[in-house]
Novice: 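Structure in structure tokens, see below.
Treat the numbers as computed from the prediction; the structure is a model and nothing was measured. Ligands are counted one by one from 1 in listed order, and the atoms in each one are counted from 1 as well.
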Amino acid sequence: MKNVHLKAYGKINLSLDVKGLTDDGFHLVEMIMQQILLCDEVDLKWREGDEPFSIKLKTNRPYLPVDERNLAYKAALMMRETYAPDMRGSLEINIRKRIPVAAGLAGGSSNGAAVIHGLNVLWDLGLDMEELCAAGARLGSDVPFCIMGQAAENPELKKIFDGDPLACHCALATGTGTELTPVKKGLRSHLVLSKPPISVSTAEVYRGIDNEEIPLRPDTDKLLEALEKNNRDSIRKNMVNVLENYTLKRYPIVVYTKNKVQSLCGEDGVLMSGSGPTVFGLCDSISQSRRVCEAMLRENRESFWTRTTF
Ligand code: ATP
């Protein structure tokens, strides 16, 4: 039997702009994605044998599906179909979730990415970062970024992808979100995250955003320059997510959470991640992130102090 244990990290969006629609109805985006230390733990056990291929998935969240509706399960099916159709044996996937679900933190995508990486190792497929990202893109638009981030942070994967520019913690995503350009100097910051107790469907937000007025869009070049110079004031000022124009209007509890985090972290540098509802705030020290988290825990049970990976 062979095992692999991988951390499946979450992400935040330092900026997010919607630029238009493709002919087949997908949204074109421009966003800066940053990996964070808050992670799920993904354990894979592979026993090769004569029996037909099988997958058994367990998680510590009873409400999550454990069949092909789960992105980790889907990733395993996709990897077998594409790269190892004759493989026989049993695969066990055990996921210990910490990243809140349907939160705008790419928790599901990250689990899928960990399975893609894990099977590449367990089945000795020898796929390079480009092939892994292409496989990830078939699963979901946030998966390639998670693949890149995990390759840069998981000790087991760092050994394999050392020096590969696609193994990175921060990236500019364009197209439908899967065209990724590594950002060499990402954000180095302590953070607080707070998720109001509602679920927001990514599909609903993207459907709705086309009919909203967008008074302010991110200046991606400015934000990239601020990151390069590690200019914290400029980073804070240039963090803009256009999806707030839909989600904040529909879900007052997200406005309440954002205001509360701003009252504790400062006006700038507080943003909704992805389509929401999680709000994150930049903190100047680990002690500030703990203090703010303690206060936010009184509002939202799913509040965390963490930091970016770099
Ligand atoms: P993104 O930021 O990529 O849009 P998200 O953080 O908003 O993702 P996820 O946590 O990935 O959202 O979950 C979205 C949906 O995916 C949930 O409704 C959930 O039922 C489903 N899902 C499938 N597999 C998983 C998984 N392994 N972990 C979490 N959610 C999963």
Novice: Any nitrogen or oxygen of G104, side chain or backbone, less than 3.5 Å from one on ligand 1?
Specialist: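 Yes, G104 has an N/O under 3.5 Å of an N/O on ligand 1.
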
Novice: Considering distance alone, does some N or O of A106 sit under 3.5 Å from an N or O of ligand 1?
Specialist: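 There is such a contact, yes.
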
Novice: Angle class for the F53/W46 ring planes (parallel below 30°, perpendicular above 60°, tilted otherwise)?
Specialist: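 Tilted: the ring planes of F53 and W46 meet at 30° to 60°.
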
Novice: Hey, could you give me each pair passing side chain to side chain donor-acceptor pair (under 3.5 Å) that has a residue in residues 65-78? Not counting sequence neighbours.
Specialist: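 Every pair satisfying side chain to side chain donor-acceptor pair (under 3.5 Å) with a residue in residues 65-78: D67-R69.
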
Novice: Write out the residue and atom name of the closest protein heavy atom to atom 4 (O) of ligand 1, then the distance separating them to 0.1 Å.
Specialist: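 In this structure, atom 4 (O) of ligand 1 has T202 OG1, 3.1 Å as its nearest protein heavy atom.
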
Novice: Give the numbers and elements of all ligand 1 atoms closer than 4.0 Å to a heavy atom of K97.
Specialist: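 Atoms satisfying the 4.0 Å criterion: 28 (N), 29 (C).
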
Novice: Protein heavy atoms near atom 15 (C) of ligand 1, is at least one of them under 4.0 angstrom away?
Specialist: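 Given the 4.0 Å limit, the answer for atom 15 (C) of ligand 1 is no, no protein heavy atom qualifies.
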
Novice: Less than 3.5 Å between some nitrogen or oxygen of P65 and one of ligand 1, yes or no?
Specialist: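 No; the residue has no nitrogen or oxygen that sits under 3.5 Å from a nitrogen or oxygen of the ligand.
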
Novice: Are S189 and R232 close enough that a side-chain donor and a side-chain acceptor fall under 3.5 Å?
Specialist: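 Side chains of S189 and R232: pair found under 3.5 Å.
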
Novice: What pair of heavy atoms forms the shortest contact from L166 to P182, and how long is it?
Specialist: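 Closest heavy-atom pair between L166 and P182: CD2-CG, 4.1 Å.
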
Novice: When only distance counts, is G108 in polar contact with ligand 1, meaning an N/O pair under 3.5 Å?
Specialist: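 The answer is yes, given that G108 and ligand 1 share an N or O pair closer than 3.5 Å.
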
Novice: When you measure from atom 25 (C) of ligand 1 to each heavy atom in I95, N70, I93, which option holds the nearest one?
Specialist: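 Ranked by closest heavy atom to atom 25 (C) of ligand 1, first place is N70.
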
Novice: Does a salt bridge link E212 with R250, judged by any charged N lying under 4.0 Å from a carboxylate O?
Specialist: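 Judged by the 4.0 Å cut-off on N to carboxylate O distance, E212 and R250 do form a salt bridge.
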
Novice: Measure from atom 21 (C) of ligand 1 to the protein's non-hydrogen atoms and state whether any distance is below 4.0 Å.
Specialist: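 When distances to the protein are checked, atom 21 (C) of ligand 1 has no heavy atom within 4.0 Å.
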
Novice: Under a 4.0 angstrom heavy-atom cut-off, which atoms of ligand 1 come close to K11?
Specialist: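 Once the distances to K11 are compared, the set is 2 (O).
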
Novice: Please say which of K97, R96, H5 ends up in a side-chain hydrogen bond (donor to acceptor under 3.5 Å, both in side chains) with E41.
Specialist: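 Result: among K97, R96, H5, H5 is the only option passing the side-chain hydrogen bond (donor to acceptor under 3.5 Å, both in side chains) with E41.
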
